[in-house]
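Residue numbers start from 1 in every chain, and the chains themselves are labelled A, B, ... in the order their sequence lines are given, proteins ahead of strands. Note: hydrogens, waters and symmetry copies are ignored here, and every other heavy atom, side chains too, is used.
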Amino acid sequence: MSSLNRKKITEYQPQKIEKKWQKEWEKKKLFQARGPGKRARKKFYPLIEFPYPSGDGLHVGHPRPYIGMDIIARKRRMEGFDVLFPIGWDAFGLPTENYAVKTGVHPKVVTKKNTDTFRRQIQSLGISFDWSREINTTDPAYYKWTQWIFLKFFEQGLAYKSKMPINWCPSCKIGLANEEAIGGICERCEGFTEKREKEQWMLEITKYADRLDRDLDTVDYLPKIIAQQRNWIGRSEGALISFTIENALKQNVGEIEVFTTRPDTLFGATYLVLAPEHKALEKYRHEITNFPEVGSYALLGQKKDERERTDTSREKTGVEMKGLKATNPATGEHIPLFVADYVLFQYGTGSIMAVPAHDERDFEFAKKFNLPVRNVVNPYFEHPDARRKGQREKKKKIILVVEYQGKYLSIHWKPELGGRLFLGGTVEEGEENKKTALRELKEETGYIDAEIEEVAEEKFFYDYYAYSKEKAFSAEISFLYAHLKSLKKIEPTLEEKERGNFTVEWVLPEVAKKEILNPPHQRAYEIFIGKGVYVGGGFLSNSGRFDGLSTEEGGKKIMALVGGKTKTIYKLRDWVFSRQRYWGEPIPLVFCEHCAERMKNKEVRNKDLTKGEQRNPGWIPLREKDLPLKLPEVKNFKPTNDGQSPLSSIKKWREVKCPQCGGKAIRETDTMPNWAGSSWYFLRYTDPKNKKEFASKKALSYFTPVDWYNGGMEHTTLHVLYSRFWHKFLYDLKLVPTLEPYLKRTSHGLILAEGGVKMSKSKGNVVNPDAIVGRLGADTLRAYEMFMGPFDQAIAWNEESVAGVRRFLERVWKLSLLSKKTKPSKDLERLLHQTIKKVSEDIEDMKFNTAMSAFMILSNALEKEEVISQEIVLIFLRLLSPFVPHIAEELAHRLGEKTSLQKLPWPKFDSKKLVQKDATIAVQVNGKVRATITLPSSLSPKEVQKRALLLPQIKKWMEGKTVKKVIFVPGKVLNLLSFEEVLPKR
RNA sequence: GCCGGGAUGGCGGAAUCGGUAGACGCACACGACUCAAAAUCGUGCGGAGUAAUCCAUGAGAGUUCAAUUCUCUCUCCCGGCACCA
């Protein structure tokens, strides 16, 4: 530190400068997006998830994504983009409503108060949001359009009413959202909740499942986000196969269709299973001879709550549907039907063909009900070594598992001969498998008192290479199981090459499981000890004329034989769109008895009705001119005792005139879920004050799609998927110009409290940004949040490290003010250009932590200079400005810069200035670094080697050795390999 | 169970088209300044060893002149899904 203390300079006082610059930016409207105009510019639309303004105010976790995107937005402005970086409030929702229930204060009032707090807090951080476009989902001028879009869904027949279970708390007498009833426990009273059926509005997102999955190929989302969405959508390709049903009199009474992904196993289907909700139960009730039993089981199964029903550890239950038989279309066999709750009604056709030999759940069920298990797939495994080693000789082999007093016989070969195995052997010409097994047992171990107890139906096809015989084999392996009655033995008769190469051991099942790794031997463990069914592919057997075909080819042929249809299905379910709450968008529909009646009597022609009206007879949408349908003022926000929305108790609001016929009608009293307003908010930002449309075509085609959307991983499967769905729907109606709403999606990690636990009010460990800003300044908070660790990783707050970042800013402050108008040194100039490159790249990759470290390296180097170059400092400040905009502006201003840094171009690096004249090279001897040497980077490898050999360190290590081989990586490594030490490995 | 991601000093973390492991910061220790303390500045800081040197990126194997980085097996942790046929 040369000069920093020589002169008195003013102190860094963020409190004095931050407000000033925020006002300045506001006054100059620096952050307002221009929008479509005469001179079109490149636009950039970064987006953060708009916050839910909770009563607790901001905690330090909130700003992390804002700061990250702010850095990107500010960099883009400097790069000349017209940037739309908006903010708003996702203000409908439960916490506010619950607060209102408790205190009686209207949610509107609470929301106002909370948004005011949030706004003040966010503004104190100097995030470059365009506040002129602020939106609020609870503003009627906004939710008018949420309702309008909902009516479009209705009009297109994608909204429908359906009976769906809700979480019901019997003691609170209230319907709960899923997030209030986690694990079936009521959040309020901690009692058990139950499922109750209720008519709810649904949005048919499943219609878009295919496109929501497929179009993920067209967007730039983080791979883990794509994976999670795909997983959630759960696309699965399979087949529909029909089974004809016969009654007790052998009359054909109909068909049942099943969905399967394994048509190749059809010959192994030994029974059918229907979900308790399956409509065939009702259809065949008179044919089912034990219907009382079947019916009551089904009823019980339906009543069980999901938690209980999907508990996989629970034993399988079910009841046979006596009197009915299904015909396996492949075998012609008559097989029984069961109703069992392990089959889900919502997935596939709600009915399955059970193949116990190749499905774990079916196997478990078959064991319990003593149903036949028929092996139809023999595993096949090709060892990689077998692949390029010539002709494979065919042979038959056996694997014998021998049990004695709970332990299993293991032949423990030397590692290169296979390691731990069971007993194996080759079947000789004309020999029976059992005989082979006992013979091999006797020859290799000497044991003679064994009895074969089981021969597996399953065979294993194994292609491998035997190093001992230097030959590739294609083996068909049979599995046998024997019990050893006594340890009586004779002298083994070993072949020469076997002798001394293995030991005979008795091992516990755990050891066998862990240490036996050869595929067919592993399978032998599963068959006899682990009792695991084979679910993989291979070759068909017990499948008539398809025997020997691969599962893939056989599956296709079997499909053709039985007339199966290929079918793609999804795990994704339709979206329950009703909430029995007050604080949400009212659903703008009314129910008109009279209109329903007229439709029933065909007094109205279908073509005069929208698809929604046809699908939901009697439900009439409000006219567009009557939107928004405003929430009525009420005093009581509690849901009714029977779980209806509080709105249902307001008679005046509920009873209306039908917009269709003018008669008496009743309003829908449910409101929309939280996700509604956030499903399209990014569109509104483009034209937030528009009264005629949700946004003008012009604004939409200029600003959308969102270029970069950053948000939490927790919103991957709901919010992001929902909004993609809405967007695609709007696209189909030609209301938005692009297929996808977001080009790029990234995510940030949580900020945890010190100690690594989640911040929460109840734990009292919440860090309020106000405190940090007040004490250390917004720039310190910003810089620390970017420096603390990788942006996408959860990380704990650390008060001491915050102070370290503040020290860094103080140093920047000092060195900037001490800078002089001198020419920078070459080294420093190079470092500057390295920093420009590093920071520019790191911002794009959201590696803000390493960008910060590059800043620190540059400032450390500047401090060491005799005279600090102002030229460099001014560029440094420009680079810093997206991260710490206030201090950067202030310092640049003090150094005479008249223009705001946001208006100056983003610095570019000059690759010529990056080139280093000298390079430090690590000199290795036989792969170990023994010295480093700094040489002009232009030297030839020969020259470098010559100079390296002169180094004393290297001389020492090369003494008495000759250089055999040299590996040279320019600018990095010179590796000298000497003859004596590098011996051939084998 | 399945699908993702991860494991590096006392701590947060750098370095992954294989090429000097530990950048940058925190904490800590010592020194300077000070009557003293704080602040600031300087030096040191993975482990063992006086040193030469050796050992070290969750564990074990492999490929390579060279592995935190690639391959395989395993352990643990985090996130998501879960009787999805």
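No contact: A/Lys514 has no heavy atom under 4.0 Å from any strand. Counting any heavy atom pair closer than 4.0 Å across all strands shown, A/Lys224 reaches sugar-phosphate atoms only and no base atom. Contact annotation for A/Lys838: no contact, since no heavy-atom pair falls under 4.0 Å across all strands. As judged by a 4.0 angstrom heavy-atom cut-off over every strand, A/Gly348 is placed among residues making no nucleic acid contact.
Distance from the side chain of A/Phe787 is smallest for B/G25 among the nucleotides B/A14, B/C83, B/G25. The side chain of A/Arg930 approaches B/U53 more closely than any other nucleotide in the set B/U53, B/C26, B/G13. When each of B/U20, B/A23, B/G4 is scored by its nearest atom to the side-chain atoms of A/Val929, the top-ranked nucleotide is B/U20. Here the side chain of A/Trp232 is nearest to one of B/C24, B/C81, B/A85, namely B/C81. When the nucleotides B/A23, B/A85, B/G13 are ranked by their closest atom to the side chain of A/Ser853, B/A23 comes out on top. The A/Arg807 side chain lies nearest to B/C26 when the options are B/C26, B/A85, B/C54.
The shortest side-chain heavy-atom distance between A/Tyr12 and A/Leu809 falls under the 4.5 Å cut-off.
Sparse packing is recorded around CD of A/Glu11, with 12 or fewer heavy atoms of other residues, nucleotides or ligands lying under 6.0 Å away.
Taking for each of A/Ala796 and A/Thr920 the nucleotide of RNA chain B with the nearest heavy atom, the 5'-most of the two is the partner of A/Ala796. Where A/Glu810 and A/Gly789 each meet RNA chain B at their nearest nucleotide, the meeting point lying more 5' is that of A/Gly789.
Look at CD on A/Glu800: it is 12 Å from P on B/A39, rounded to the nearest Å. Between the P atom of B/C65 and the CD1 atom of A/Ile967 lies a distance of 7 Å, rounded to the nearest Å.
Taking a pair to require two hydrogen-bonding distances under 3.5 Å in either a Watson-Crick or a G-U wobble arrangement, B/A32 pairs with B/U40. When both pairing distances are held under 3.5 Å, B/G25 makes a Watson-Crick or G-U pair with B/C11.
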Using side-chain hydrogen bond (donor to acceptor under 3.5 Å, both in side chains), reason through A/Thr934 and A/Thr920 one step at a time and then give a plain yes or no.
CA-CA 4 Å; A/Thr934 303; A/Thr920 303; 3.1 Å; yes
